[in-house]
Amino acid sequence: MKKLLFALMCLFAVQLTVKANEGKPIQVSELPKTAQSFIKQNFASSKVAMAKVESNFLSKDYDVIFADGNKVEFDRSGNWTEINCKYGEVPASAVPSAISEHVTTNYPGVKILKIERDGKRYEVKLSNGWELEYDSLFRVVDMEK
């Protein structure tokens, strides 16, 4: 009986987790103000196709997908965590200047297609196939092709 009860509780917990991870469509006006400002500043000419919120037990994340296929992910405070521009390039205004300068100097003519950040690291994917990783002081700490 205890095993059955434990199994049912585990199944219930898994279902709650799956349900919590599903994205719920929202209006752009429902994004945190920081995210709204970021979109206006860096993607003003892009049309938003969809915005959604993903609620987990401890956090909320927001995704904005544009009609041209570009995507920006935000944390619960509205700070960007990932910018993915599969069919274009990440707006220069969204890239930290030290990273932009490094890429421009060392990879002339190459575009930044994707940039991700967590608390201490930045990962950048370039149009020439290189992936660069920077630390919080914008020093290159890893490279992959």
Side-chain angles (χ1 to χ4, degrees), residues 6-145:
F6 180 73
L8 288 174
M9 289 180 66
C10 287
L11 181 62
F12 181 70
V14 168
Q15 286 180 334
L16 279 178
T17 302
V18 169
K19 203 64 158 160
N21 286 331
E22 289 180 3
K24 174 186 161 196
I26 60 172
Q27 299 295 318
V28 173
S29 60
E30 296 176 75
L31 293 168
K33 296 294 182 201
T34 306
Q36 291 179 43
S37 296
F38 180 85
I39 291 168
K40 286 177 187 170
Q41 181 181 4
N42 297 287
F43 292 92
S45 63
S46 297
K47 181 178 177 179
V48 174
M50 184 178 89
K52 65 181 181 175
V53 60
E54 293 181 8
S55 298
N56 298 317
F57 290 114
L58 300 175
S59 69
K60 280 186 179 181
D61 298 317
Y62 300 90
D63 294 341
V64 176
I65 302 169
F66 297 95
D68 60 7
N70 294 336
K71 180 179 176 184
V72 181
E73 296 180 11
F74 299 96
D75 64 15
R76 68 176 174 211
S77 301
N79 300 309
W80 69 266
T81 57
E82 180 179 321
I83 306 169
N84 191 349
C85 297
K86 294 179 186 178
Y87 308 107
E89 71 180 295
V90 174
S93 56
V95 179
S97 59
I99 292 175
S100 184
E101 290 172 17
H102 177 260
V103 170
T104 302
T105 301
N106 294 290
Y107 305 96
V110 173
K111 298 176 183 179
I112 296 175
L113 303 178
K114 181 177 180 180
I115 185 167
E116 293 179 66
R117 71 176 174 188
D118 60 18
K120 298 180 182 182
R121 301 232 183 227
Y122 290 82
E123 290 182 22
V124 176
K125 182 175 183 180
L126 304 177
S127 60
N128 65 357
W130 280 100
E131 292 184 21
L132 309 175
E133 187 173 339
Y134 298 86
D135 64 11
S136 60
L137 298 174
F138 304 110
R139 296 177 296 208
V140 177
V141 294
D142 196 15
M143 296 176 67
E144 285 184 18
K145 186 137 183 168

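For reference, positions follow the sequence shown, starting with 1.
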Check E54 with K52, please: is the shortest side-chain N to carboxylate O separation under 4.0 Å? yes

Without swapping roles, check the side chain of N56 against the backbone of L58 for a donor-acceptor pair under 3.5 Å. no

In terms of relative ring orientation, are H102 and Y134 parallel, tilted or perpendicular, with 30° and 60° separating the classes? perpendicular

Heavy-atom pair of closest approach, residues P96 and I115: CD-CD1, 3.9 Å

Tell me, do D68 and S46 make a side-chain contact under 4.5 Å, heavy atoms counted? yes

Could you tell me whether the side chain of P32 reaches within less than 4.5 Å of the side chain of Y62, counting heavy atoms only? yes

To the nearest 0.5 Å, what is the distance between CH2 on W80 and CG on N42? 10.0 Å

Distance from K24 atom NZ to S55 atom OG, nearest 0.5 Å? 7.5 Å

Where N106 and P108 come nearest, the two heavy atoms and their spacing: C-CD, 3.5 Å

side-chain contact (heavy atoms from CB on, under 4.5 Å), that's the test. Do V95 and V103 meet it? Break it down for me. CA-CA 11 Å; V95 179; V103 170; over 6 Å; no

Are the side chains of F43 and I83 in touch, meaning some heavy atoms are under 4.5 Å apart? yes

Should we count NZ of K145 as having more than 12 external heavy atoms under 6.0 Å? yes

If we only count heavy atoms from C-beta on, is the V72 to F66 side-chain gap below 4.5 Å? yes

Are L126 and I112 packed together at the side-chain level, in the sense that at least one heavy-atom pair is separated by less than 4.5 angstrom? yes

Side chains of N84 and K125: closer than 4.5 Å at any heavy-atom pair? no

Flag the pair E144 / D142 as yes when at least one side-chain heavy-atom distance between them is below 4.5 Å, and no otherwise. yes

Rounded to the nearest 0.5 Å, what separates atom OG1 in T34 from atom CG in N79? 6.0 Å

When rounded to the nearest 0.5 angstrom, what distance separates OG1 in T104 from NZ in K111? 13.0 Å

Working to the nearest 0.5 angstrom, can you tell me the gap between C85 SG and N70 CG? 3.5 Å

Heavy-atom pair of closest approach, residues L113 and G88: CD2-O, 3.1 Å

Straight-line distance of K86 NZ to K114 NZ, nearest 0.5 Å: 8.5 Å

Looking only at atom types and distance, does a side-chain atom of Q36 sit under 3.5 Å from a main-chain N or O of S29, one as donor and one as acceptor? yes

